[in-house]
Amino acid sequence: MSKTDLRPALSRMLPYTPGEQPPPGKFIKLNTNENPYPPPPSVVSAIRDAASGPLNRYPDPTASLFRRAAAEVLGLPGPDWILAGNGSDEILTILVRGFVGEGQKLRLPYPSYILYRTLADIQGASWEQIPFLDGWHLPAMFGEGGNDLRLVLLPNPNSPSGTVVPAEQIEQLAATLPCPLVVDEAYVDFADFNCLDLVRRHDNILVTRTLSKSYGLAGIRFGFLVAQPSLVAKLSNIKDSYNCDYLATVAATAAIRSQDWLKDVVTKMNATRSRMQSQLTDMGFNVTPSHANFVWCQHPSGRHADLHQFLKKQQVLIRYMDFPDWGDGLRISVGTDQQSDACMMMIERFLQSL
Ligand SMILES: *Cc1c(COP(=O)(O)O)cnc(C)c1O
């Protein structure tokens, strides 16, 4: 035991490794599901105006400006249904901190967002991965659990698959679970339904959202939770006092008010996604139909790691993912048509060399 040892529970933790962030400009970057397009112009001018704002003052601790706008835009009863955070990753941290104590357990499907496991580890809690069935369906037991199960997290659309669990099934799962069910809707703007309505009807269904993907603001760090007001109030007590800075709050507010921009960008990106899916299929990949801004694919050659390396040498970054006891594959983010075509051309070149 040394003077600088961290808590014993942390010595066993699996650190979360985010996708590579190389210096801008060098790579075609299709590895972390960012938006290839810049954010709405109104966001840029809002940030510019805010730069001459009250930066010497602490920001509004609850980002009311954003919460009012988001409640209006999303058709929620009021801002008290929203908790704003420094990215939805912080919202997830607050949820795990609030619900899952030492010796307790959270659940996630497998394969899905590995960060949830790290958050459990940090708490000294445990996690349980329930494998998806064939076709990315969830088994009924995903909705069962004892008293030690304190939180269930479900990315919907899921990453890396881009698949969705239907809202009806989410509702059924929440009804049988002994704890909250968090529907992580990081990619929901690229899908054709969401679970906001369920939050109004069920106090144990919670939705998280982010501005990092569909709104093109990964660099800003802003996400939020939608839950019933009594829960939002309780969770608000355990967040950092000033978790959303002034510039981020102003930017996020302008972004959430840019619904026409969002619709155009999503239409454009979903069209690129369709093209990618058919190009990959034509090249012999097994492609999982996606409801998100990325595509999960596997090639019969099994040469996923090599293909990833080959592309990297050609300045194209995609994500190679290997899930123990499950298998590996490639997750390719939707870029512009031009970026996507360049990537597809490189993939074709690699396959021809086999
Ligand atoms: C990207 C992502 C997030 C993180 O969003 P931030 O708001 O950037 O922290 C959360 N959940 C899933 C499933 C994601 O892929």
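It should be emphasised that the depicted structure is a prediction, and the values quoted were computed from it without experimental measurement. These numbers come from the heavy atoms of this one structure, side chains and all, not from hydrogens, waters or symmetry mates. Order of listing sets the numbers, starting from 1, for every ligand and every atom in it.
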ring-ring contact (aromatic ring centres under 6.0 Å, His included) involving Tyr242 - partner list, sequence neighbours excluded:
Tyr58

Less than 4.0 angstrom from a charged side-chain N to a carboxylate O is my criterion; do Glu90 and Arg221 meet it?
no

Lys NZ or Arg CZ of Lys213 over Phe190 ring: under 6.0 Å, within 45°
no

As a test of reading the model: which N/O atoms of the protein lie under 3.5 Å from N/O atoms of ligand 1, and at what distance?
{"from": "ligand 1", "atom 1": "5 (O)", "to": "Ser88", "atom 2": "OG", "distance (Å)": "3.0"}
{"from": "ligand 1", "atom 1": "7 (O)", "to": "Ser88", "atom 2": "N", "distance (Å)": "2.6"}
{"from": "ligand 1", "atom 1": "7 (O)", "to": "Ser88", "atom 2": "OG", "distance (Å)": "3.2"}
{"from": "ligand 1", "atom 1": "7 (O)", "to": "Thr210", "atom 2": "OG1", "distance (Å)": "2.5"}
{"from": "ligand 1", "atom 1": "7 (O)", "to": "Ser212", "atom 2": "OG", "distance (Å)": "3.4"}
{"from": "ligand 1", "atom 1": "8 (O)", "to": "Ser212", "atom 2": "OG", "distance (Å)": "2.6"}
{"from": "ligand 1", "atom 1": "8 (O)", "to": "Arg221", "atom 2": "NH1", "distance (Å)": "2.8"}
{"from": "ligand 1", "atom 1": "8 (O)", "to": "Arg221", "atom 2": "NH2", "distance (Å)": "3.4"}
{"from": "ligand 1", "atom 1": "9 (O)", "to": "Ser88", "atom 2": "N", "distance (Å)": "3.3"}
{"from": "ligand 1", "atom 1": "9 (O)", "to": "Asp89", "atom 2": "N", "distance (Å)": "2.9"}
{"from": "ligand 1", "atom 1": "9 (O)", "to": "Asp89", "atom 2": "OD1", "distance (Å)": "3.4"}
{"from": "ligand 1", "atom 1": "9 (O)", "to": "Asp89", "atom 2": "OD2", "distance (Å)": "3.4"}
{"from": "ligand 1", "atom 1": "9 (O)", "to": "Arg221", "atom 2": "NH2", "distance (Å)": "2.7"}
{"from": "ligand 1", "atom 1": "11 (N)", "to": "Asp184", "atom 2": "OD1", "distance (Å)": "3.3"}
{"from": "ligand 1", "atom 1": "11 (N)", "to": "Asp184", "atom 2": "OD2", "distance (Å)": "2.6"}
{"from": "ligand 1", "atom 1": "15 (O)", "to": "Tyr187", "atom 2": "OH", "distance (Å)": "2.5"}
{"from": "ligand 1", "atom 1": "15 (O)", "to": "Lys213", "atom 2": "NZ", "distance (Å)": "3.1"}

Under the side-chain contact (heavy atoms from CB on, under 4.5 Å) test against Phe27, which residue among Gln315, Gln314, Glu20 passes?
Gln315

Quick one: do Gln129 and Arg117 satisfy side-chain hydrogen bond (donor to acceptor under 3.5 Å, both in side chains)? Show the steps, please.
CA-CA 9 Å; Gln129 302 181 134; Arg117 305 196 317 209; 2.5 Å; yes

Any chance CZ of Arg201 has more than 12 other-residue heavy atoms, nucleotides or ligands included, within less than 6.0 Å?
yes

